[in-house]
Every structure is written in structure tokens, then in C-alpha cells.
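Computed from a prediction, not measured in an experiment: that's the story for all the values here.
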Amino acid sequence: MKILVIGGSYFLGRVFLIQAAKSHDITVVNRGTYSVEEFDVHQIKGDRRNSLIWQENTEEYDVIVDFCAYEKNDIATVLNNFSGKAKQYIFISTVDVYKRGLGQIKNENTPFETREISGSAGEYISGKIALEQELITECKKKNINYTILRPSIIYGPFNYAPREATFIQLAVQNKILPHITDAGGKFQFVYVKDVANAIIKCMLNEYAYKNAYNICNDTISDYDSFFNELKAVIDVPVEELELTVSEALAQNVPLPFPVTADETELCSNEKSVQELDLCYTPFSEGIEKTYNAFKHVFTAS
């Protein structure tokens, strides 16, 4: 297939390139912060919000995969100015678009959040909600099939967000592993390669057209299970550092996952399993691979 990737330098996009570039003809549009030359892809450097980039692109693609649309008009700028053609547009959204506080496992038909949420998290969520509707509207105008993927908390090699890698760094470099003892929040992880695989399974898949999928592991995690799973794969001596939530906050220990029961929001992956035939990597397996990848980074640094 001939694929146009928007983004692709970082985490999920980079893992997708590693998997997909072996079999497909890929063009990447991004700012070129990190090189993608090693993947043998064509790179167009520039800001996605620059309409000229799209006006000058007259190619025909099978699929557009968009990893970095965050603000309203990000998709409209692409499709309103794109001089080429595409059969399908795959947009990476988030499970955070769903209404909070419903007290139920959310599926793809759960209503979206309509309340205004403060801070950068609120901006991120409202942006993704607006972009999902924008995708549908603009794809209809262009007669392009669309697919929306909504991952949960993505983890794995290349993760630049201060999540699991921060705990691995503390273990490798400081020989300590924080154990948050009183957090009541629950959450769902998804291994980065599983999300990349979901994208590949959706490409030119007619069943995925005009469809959205939650991409998440059905295993429910909490801070205690996260500590135990990570500790089980660490192969260097570490000291368990037991901390309450308040103590962690006072010592600037990161709390990157939902902390309280009220913050818990869980989703069903049934549709992705049934319609895309996705098999999710167990967290114990994924975190071991993640640890091994980051251990070498932090040992060398």
C-alpha cells in the first residue's frame, strides 16, 4: 500500500513505521525533529498546519494515518488543501473522549464528554472530540473512508511521556522503586505494538470504514499491580519505597495514572477483538519488553 503518515517521529508513530515500512511505501509529513531515514521512507519536513504542504502534494495514497492532530482544524487544514487523493483516513484519538462519571464500562457508543475540563488535559480531550467530528465531516466532503482508533494508556519502548519509563529510570539509576500504597484508581494499559497492529489491521479494511474502536487491554490495573508487575521484571537490586499518595506528591514522585476511585474510567475492547481480530499483549509480557528497552538507555546515560 501507499501510505501517508502525519507525524511518525515519536512513540506510537515510530513503532508503526518500524512495523509498516517493511511492507509498504510510506511518505511521512512532520517537522523532522527526529530522523526517520532509517526506515527507508520518504520524508516531507514542515508544519502540518501549513496549507502549502498539502496544496503541493498531488500524490494518490491508499491510506492517511494521522498521529498528531490535536487542535480543531488540524484535519480540516489537511483535507481542504490536499491536492492528491486518499481512500481512507485513520485518526488516532483517545478513550478520554467519553463522558466521565457514568459508572459503567464504556463502549464505542458511549456519549462524549460535554463538560469543560480545565487545564492541558481538558484542552487535549476537547481537541480530540472536535477532531473526530471534523474527520467525519471533511471525509464525507472528499468521499474518503474514515476510521477512528481510541487507545487507552499506551506504554512501551520509545515512550517519551513521563510514565513507566520514569519508574524504570528510578530503578536502574537510583535503585529504588516507588510503591504507591493507598491509590484507589484503576486503569487500562495497551502495549504500543498492539496499537500499531490495530492501525495495520484497519488499513483498507472495509469493516473498519466509518467505524471507531477502543484499543485497550481488558486487564484492569492499579498502582499496586503496576508495582508488582514491574518489580517482577527488574533484574537489578532495588529498594521498595512505600509511599502514600500525599507523600509521593510531596516528594515529586510521579503519579501518571488515575489515583482515586472517582478518576477511574474503564472501556471495553470487545469490538476491536471481534471485528479486527486483535490479540492484546499481556501487561506482564509488554512491561518486560519495555523494561529491557529502557534499561539500556538509562544504563548508558
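Looking at Gln88 and Thr147, their side chains do bring a donor and an acceptor atom within 3.5 Å of each other. Side chains of Ser83 and Asn57: a donor-acceptor N/O pair is absent below 3.5 angstrom, by distance only. For the residue pair Gln133 and Thr137, a side-chain donor N or O sits within less than 3.5 Å of a side-chain acceptor on the partner. Side chains of Ser120 and Glu123: a donor-acceptor N/O pair is absent below 3.5 angstrom, by distance only. A side-chain donor from one of Gln274 and Glu270 sits under 3.5 Å from a side-chain acceptor of the other. If you check the side chains of Tyr98 and Glu113, you find no donor sitting under 3.5 Å from an acceptor. With 3.5 Å as the limit, one finds a donor-acceptor pair spanning the side chains of Gln55 and Asn81.
Lys72 has no carboxylate O lying under 4.0 Å from a charged side-chain N of Glu134, or vice versa, which leaves the two without a salt bridge. Looking at Glu265 and Lys99, no side-chain N of the basic residue comes within less than 4.0 Å of a carboxylate O on the acidic one, giving no salt bridge. With salt bridges taken as basic N to acidic carboxylate O contacts below 4.0 Å, one links Asp222 and Lys186. Salt bridge absent: Lys142 and Glu138 never bring a charged side-chain N and a carboxylate O closer than 4.0 Å. Checked for salt-bridge contact, Asp40 and Lys22 miss the test: no charged N lies under 4.0 Å from a carboxylate O. Between Asp96 and Lys128 there is no salt bridge, since no side-chain N of the basic residue sits under 4.0 Å from a carboxylate O of the acidic one.
Around atom NZ of Lys295, more than 12 heavy atoms belonging to other residues, nucleotides or ligands sit under 6.0 Å away.
Take Arg163 and apply the salt bridge (Lys or Arg N to Asp or Glu O under 4.0 Å) test, not counting sequence neighbours, and it matches no residue.
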